[in-house]
Number of protein chains: 2
Amino acid sequence: MEAVLRPYELGTTQWYVLYQLAHCGPTMQRDLVKALQVERATLSAIIGVLVRKGLVEQVPDRVDQRQKLLRMTAAGARLWKELPDLAVIHDVAFKGMDDTAIANAIRVLQTATERLEKFIDRS
Amino acid sequence: MEAVLRPYELGTTQWYVLYQLAHCGPTMQRDLVKALQVERATLSAIIGVLVRKGLVEQVPDRVDQRQKLLRMTAAGARLWKELPDLAVIHDVAFKGMDDTAIANAIRVLQTATERLEKFIDRS
DNA sequence: ACAATATTGTCAGATGGCTAACAAAAAAGC
DNA sequence: GCTTTTTTGTTAGCCATCTGACAATATTGT
């Protein structure tokens with residue numbers, strides 16, 4: 001992803017923010033934190049970059065003034081349309097491989113992840 | 001790993017440097033770059049941290065003055081002995097799982113990685 | 001209603017990763 | 001032998017991530 005995105009001066013997480021805004025419309029920053037599985041502070045920094053680049057706007061909510069709504073700007077939408085389709089990456093990596101083997105791999109990793117998370121919580 | 005190492009103020013890559021020095025003895029910095037699969041600049045920064053902490057020494061080579069030999073200090077060896085065994089992490093993640101399933105998962109990921117690397121090289 | 005608590009975003013400072021550019025030293029070529 | 005190239009490490013600057021502390025704002029509890 002880095003390699004594909006570099007010419008556009010976009011990092012992968014920046015790309016993911018744009019992806020969310022393009023597919024789900026304007027979103028509260030706090031909801032993006034959950035969607036991207038990232039810390040509040042991390043997202044704050046990333047949004048900061050996107051705002052400085054003029055690709056995303058932060059609109060304070062009228063009822064809850066803590067929250068901010070994120071919206072793609074016209075420039076953001078323009079850039080988004082120029083971006084190449086990242087699905088090729090998935091194809092390059094997995095096309096033609098045995099589907100059940102892939103599914104198995106995913107299960108193995110998910111199980112390991114869950115176990116480690118439980119372990120960290122307990123300790 | 002982060003969670004286990006945090007009480008000792010060690011990052012995972014710092015740990016890995018100590019691991020190498022503990023298991024393979026003093027090592028040239030350039031060889032560590034290959035062992036850790038990391039950029040020269042990245043390792044340089046990490047070594048910088050370990051040197052500041054007094055856990056590792058950088059000794060310029062007598063014959064080739066560009067190269068630097070890395071050696072654990074007494075303080076580094078002392079800390080290393082205190083560190084918990086990280087094998088528990090492997091156990092927590094994978095113990096009791098089907099070995100062939102794990103081997104399959106590894107194969108899937110290795111293949112995907114190789115394909116992506118080839119793709120990046122070509123493009 | 002007011003005090004205590006929880007949520008949301010930001011800032012500061014750290015790690016770890018990258019690239020690009022540089023300096024010093026060694027090796028290769030001519 | 002001297003020039004050019006390669007190797008080695010560092011520095012600077014960027015992105016992404018984390019934790020911890022903070023301010024502002026809501027919510028809850030009494």
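Both backbone and side-chain heavy atoms feed into the values below; hydrogens, waters and symmetry mates do not. Lettering follows sequence order; numbering is per chain, from 1.
Rounding to the nearest 0.5 Å gives a distance of 10.0 Å between CG of L109(B) and CD1 of I102(A). With rounding to the nearest 0.5 Å, the separation of CD in Q37(A) from OH in Y16(A) is 9.0 Å. L50(A) contributes atom CG, which lies 5.0 Å from atom CD of Q14(A) (distance to the nearest 0.5 angstrom). Distance check, rounded to the nearest 0.5 Å: CD1 of I46(B) to OG1 of T12(B) gives 7.5 Å. For the atom pair CG (D98(B)) and CG (N104(B)), the distance works out to 8.5 Å, reported to the nearest 0.5 Å. We find the CG-CE distance between D64(A) and M28(A) to be 7.5 Å, quoted to the nearest 0.5 Å.
Counting any heavy atom pair closer than 4.0 Å across all strands shown, A45(B) reaches no nucleic acid atom. Nucleic acid contact for E9(A): none, since no nucleic acid atom lies under 4.0 Å from a heavy atom of the residue.
In this entry the distance linking CG of L43(A) with P of dT10(C) reads 8 Å, nearest Å. Whole-Å rounding puts the M28(B) CE to dT8(D) P distance at 10 Å. Here dA26(D) presents its P atom at 13 Å from NZ of K68(A), a figure rounded to the nearest Å. The nearest whole Å value for the distance from the CZ atom in R6(A) to the C1' atom in dA20(C) is 12 Å. Atom P of nucleotide dT8(C) and atom CD of Q58(A) are separated by 15 Å, given to the nearest angstrom. Protein atom CD of E2(A) is 10 Å distant from nucleotide atom P of dC18(C), rounded to whole Å. Distance CG (L36(A)) to C1' (dC18(D)): 15 Å, rounded to an integer number of Å. As rounded to whole Å, 19 Å separates atom P of dT7(C) from atom CG of L32(A).
The aromatic rings of W80(B) and H23(B) sit perpendicular to each other, their planes meeting at more than 60°, with 30° as the lower class boundary.
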Please write out the pairs of protein N or O atoms and N or O atoms of nucleotides 14-17 of chain C separated by less than 3.5 Å, giving the distance to one decimal.
unit_1	atom_1	unit_2	atom_2	d
dG16(C)	OP1	T12(B)	N	3.3
dG16(C)	OP2	Q14(B)	NE2	2.7
dG17(C)	OP1	T13(B)	OG1	3.1
dG17(C)	OP2	T13(B)	OG1	3.0

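Under the 3.5 Å distance criterion, with hydrogens and angles disregarded, a donor-acceptor pair is assigned to the side chains of Q29(A) and Q58(A).
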| said: Walk along nucleotides 21-26 of chain C from 5' to 3' and tag each nucleotide B, S or - by protein heavy-atom contact under 4.0 Å, base first, then sugar-phosphate. | reply: ---BBS
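When the side chains of ILVMFWY residues are joined at heavy-atom separations under 4.5 Å, either directly or via intervening members, I47(A) and Y19(A) end up in a single hydrophobic cluster.
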